[in-house]
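The structure appears right after this line, and notes come after that.
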Amino acid sequence: MKRRVIKIPNSLKEHRKLMGYSQSGVMRKLKLKSTAMISRWEKGEIMPSSDNLLKLSLLYKTLVNELYFERGKELLIELFPDEAERLKENLKRDLPTDRAP
């Protein structure tokens, strides 16, 4: 049986490009050994450690929740299922879904 892979929605790649960094540049700043980890983060295969997530937010001059905005919405609805419909409406009204960095 195939294992279902769930992608973690994020805007890491968009923020990296907006700030003018290549994956190699981020790799050097974060003192990683290769760009493979950055690629996996950006594809949503895995999440960065809390330290690397904070470093990325500083490097990209944004807040952590902006890097994982869509995932945050998913978790909010998961945490408050009884309020899911109201939350979805509020998120649509207050926070556009096509958030560009």
Who are the side-chain contact (heavy atoms from CB on, under 4.5 Å) partners of L58, not counting sequence neighbours? none
Roughly how far, to the nearest 0.5 Å, is NZ of K7 from CG of N10? 10.5 Å
With salt bridge (charged side-chain N to carboxylate O under 4.0 Å, His left out) as the rule and sequence neighbours excluded, what pairs involving residues 15-26 come up? R16-E42
Show every donor-acceptor pair shorter than 3.5 Å between a side-chain atom in residues 29-41 and any protein atom, with sequence neighbours excluded, or say none if there are none.
from, atom 1, to, atom 2, distance (Å)
S34, OG, A36, N, 3.2
R40, NE, E45, OE1, 3.1

Separation between CD (E14) and CG (L18), nearest 0.5 Å, reads 9.5 Å
Shortest non-hydrogen contact from I8 toward I46: CD1-C, 3.9 Å
Quick note, side chain to side chain donor-acceptor pair (under 3.5 Å) partners involving residues 53-64, not counting sequence neighbours, are none
Assigning hydrophobic clusters by single linkage (Ile, Leu, Val, Met, Phe, Trp, Tyr; side-chain heavy-atom cutoff under 4.5 Å), is L75 placed with V64? no
Taking every heavy atom of P48 against every heavy atom of Y68, the minimum-distance pair comes out as CD-OH, 3.1 Å
Applying side-chain contact (heavy atoms from CB on, under 4.5 Å), can you list everything that pairs with L63, at least two apart in sequence or on another chain? N65, E66
Look up atom CG in N52 and atom CG in L59, then write down how far apart they are to the nearest 0.5 Å. 10.5 Å
Spatial distance of atom CG (L67) from atom CE (M47) [nearest 0.5 Å]: 9.0 Å
Interatomic distance, CD@E74 vs CG@L79, rounded to 0.5 Å, equals 12.0 Å
Results of salt bridge (charged side-chain N to carboxylate O under 4.0 Å, His left out) for R28 - residues two or more places apart only: none
